[in-house]
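Here the structure is laid out as structure tokens; the discussion comes afterwards.
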Amino acid sequence: MSDPTPVFDDLREESRELDLLVAELTEREWARPTPAPRWSIAHQIAHLHWTDRAALLAMSDQAAFQKFAEQALTSPGTFVDDGAEEGVRLGPAELLTRWRNGRQELDHALREAAARHTRFPWFGPPMSAAAMATGRLMETWAHGQDVADALGVVRAPTDRLRHVVRIGVRARNFAFAVRGLPAPEDEFRVEVRAPSGELWTYGPEDAAQRVTGSAVDLCLLVTQRAHRADLALTAVGPDADRWLDIAQAFAGPPGTGRDPKEAAPEEAAAPEEATPEGPAAPEEATPEGPAAPEEPAR
């Protein structure tokens with residue numbers, strides 16, 4: 001079994017960098033709209049805090065989490081928004097404090113759970129600590145991208161994105177299944193260039209179908225933070241090409257994604273809503289087992 005410590009450390013650092021983006025914002029800036037319809041910067045942080053609390057509950061009191069999950073799933077179309085609204089009502093200062101405290105508690109709980117090799121319930125299959133941390137990192141990065149876009153900030157990518165790529169690749173079959181499509185019979189070869197310049201590879205080297213390009217762009221694609229037309233990704237083979245149209249690393253129904261930045265007038269489609277996504281999609285395995293796509297999607 002692989003040591004899960006690196007993903008815990010990477011989650012902590014990813015959260016710290018997002019914290020730096022919002023720590024000095026004014027109340028007016030916290031209310032600034034993000035690319036997710038109806039969601040401000042405050043909604044993005046509130047959603048992360050809500051999901052951290054859910055993860056802590058799953059690890060500390062499984063019976064209470066089961067009730068919490070059942071209650072949330074009685075309103076599958078609104079519980080993500082409702083949880084975010086609850087956090088926004090706290091006000092920026094209190095929300096920031098609670099998010100920070102919750103992150104610290106979650107970090108401690110994840111490391112303890114990993115030491116005990118414990119699995120715990122989630123909205124999908126039971127999760128290991130490493131799988132949960134991987135999903136939380138994916139979500140933190142994705143919602144952090146929404147915050148950065150709202151602020152007009154270009155973030156320097158890091159090799160922490162390996163975790164997001166891993167979820168996206170492993171959630172390939174889920175992306176087909178959630179649309180009622182049969183999964184491709186064979187694995188793809190995926191080769192993406194990391195921010196550090198390293199080449200990350202997945203799948204058989206001699207696979208007939210493949211996807212190549214930038215790791216950053218693949219992360220933007222699978223979290224549906226950018227349209228395929230705006231990304232430098234190449235597919236070889238019909239199934240690989242189809243996957244790039246539907247890829248998602250989060251659980252729940254198909255996301256609508258983002259519109260392309262530039263579309264020819266005759267090709268421009270009606271505007272689609274970019275939804276705040278949910279937990280990571282059910283995957284197949286993280287550092288020590290599948291990293292399940294996690295939250296319900298925005």
Side-chain angles (χ1 to χ4, degrees), residues 11 14-15 17-55 72-73 75-100 102-103 106 123 135-155 164 167 219-227 230 247-261 270-281 293-298:
L11 171 59
E14 193 68 37
S15 299
E17 286 198 3
L18 177 54
D19 193 311
L20 290 174
L21 272 183
V22 302
E24 302 300 324
L25 297 182
T26 65
E27 287 203 20
R28 183 169 185 154
E29 288 169 325
W30 275 87
R32 185 174 294 184
T34 67
R38 302 175 301 281
W39 273 30
S40 64
I41 289 174
H43 285 88
Q44 301 286 349
I45 300 302
H47 174 63
L48 292 175
H49 173 54
W50 181 91
T51 317
D52 286 347
R53 283 169 44 216
L73 294 174
S75 305
T78 63
F79 79 92
V80 171
D81 286 332
D82 291 345
E85 287 290 349
E86 178 186 339
V88 170
R89 287 194 291 270
L90 295 171
E94 180 65 17
L95 172 58
L96 183 58
T97 296
R98 293 196 188 190
W99 178 49
R100 286 170 170 169
R103 281 160 36 204
L106 181 60
F123 294 99
R136 299 302 305 125
L137 190 152
M138 179 276 292
E139 193 186 6
T140 300
W141 181 82
H143 289 286
Q145 185 63 45
D146 291 338
V147 171
D149 287 345
L151 295 172
V153 172
V154 177
R155 301 187 296 173
V164 184
I167 286 185
C219 291
L220 290 168
L221 184 83
V222 301
T223 58
Q224 297 191 354
R225 263 50 191 182
H227 191 280
D230 298 318
Q248 70 179 65
F250 52 85
T256 54
R258 304 281 162 84
D259 289 331
K261 291 179 181 175
E272 293 182 59
E273 287 203 341
T275 53
E277 100 279 344
E294 221 219 296
E295 43 145 16
R298 254 243 170 207

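Here the structure is a predicted model, which means the values were calculated and not measured.
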Quiz item: Does the side chain of Trp141 come within less than 4.5 Å of Leu220's, by heavy atoms?
Solution: yes
Self-check item: Sub-4.5 Å side-chain heavy-atom contact between Trp39 and Val80
Solution: yes
Quiz item: Partners of Thr78 by side-chain contact (heavy atoms from CB on, under 4.5 Å), sequence neighbours excluded?
Solution: Ser75, Asp82
Quiz item: By side chain to side chain donor-acceptor pair (under 3.5 Å), which residues pair with Thr34, not counting sequence neighbours?
Solution: Gln44
Practice problem: Quick one: sort the Phe79 and Trp50 rings into parallel, tilted or perpendicular, breaks at 30° and 60°. | Solution: tilted
Exercise. Could you tell me whether a side-chain N or O of Gln224 sits under 3.5 Å from a main-chain N or O of Ala247, the two making a donor and an acceptor?
Key: yes
Quiz item: Going by the salt bridge (Lys or Arg N to Asp or Glu O under 4.0 Å) test, which pairs reach into residues 42-55, not counting sequence neighbours?
Solution: Asp52-Arg136, Arg53-Glu86
Self-check item: Gap between atom OG of Ser15 and atom CD1 of Ile45 - 0.5 Å precision
Solution: 9.0 Å
Quiz prompt | Note, Leu21 side chain near Leu18 side chain (heavy atom, < 4.5 Å) | solution = yes
Quiz prompt | Any donor-acceptor pair under 3.5 Å from Arg225 side chain to Thr223 backbone | solution = yes
Exercise. Name all residues meeting the side-chain contact (heavy atoms from CB on, under 4.5 Å) criterion together with Arg100; count only those two or more places apart in sequence or in a different chain, and write none if there are none.
Key: Asp19, Ala23, Leu96, Arg103
Quiz item: Where do Leu151 and Leu25 land on the side-chain contact (heavy atoms from CB on, under 4.5 Å) test, with the steps shown first?
Solution: CA-CA 10 Å; Leu151 295 172; Leu25 297 182; 4.0 Å; yes
Exercise. Look up atom OG1 in Thr97 and atom NE2 in His49, then write down how far apart they are to the nearest 0.5 Å.
Key: 10.0 Å
Practice problem: Nearest 0.5 Å please: distance from the OG1 atom of Thr140 over to the NE2 atom of His47. | Solution: 9.5 Å
Exercise. Calculate, to the nearest 0.5 Å, the distance between atoms CH2 and CG belonging to Trp99 and Leu90 respectively.
Key: 14.0 Å
Quiz prompt | Nearest heavy-atom neighbours spanning Pro35 and Asp149 | solution = CG-CB, 3.9 Å
Quiz prompt | Contact summary for Val88 and Ala46, nearest pair of heavy atoms | solution = N-CB, 3.9 Å
Quiz item: How would you list, by chain and number, every residue that makes a salt bridge (charged side-chain N to carboxylate O under 4.0 Å, His left out) with Glu14, sequence neighbours excluded?
Solution: Arg155, Arg160
Quiz item: Partners of Arg32 by side chain to side chain donor-acceptor pair (under 3.5 Å), sequence neighbours excluded?
Solution: none
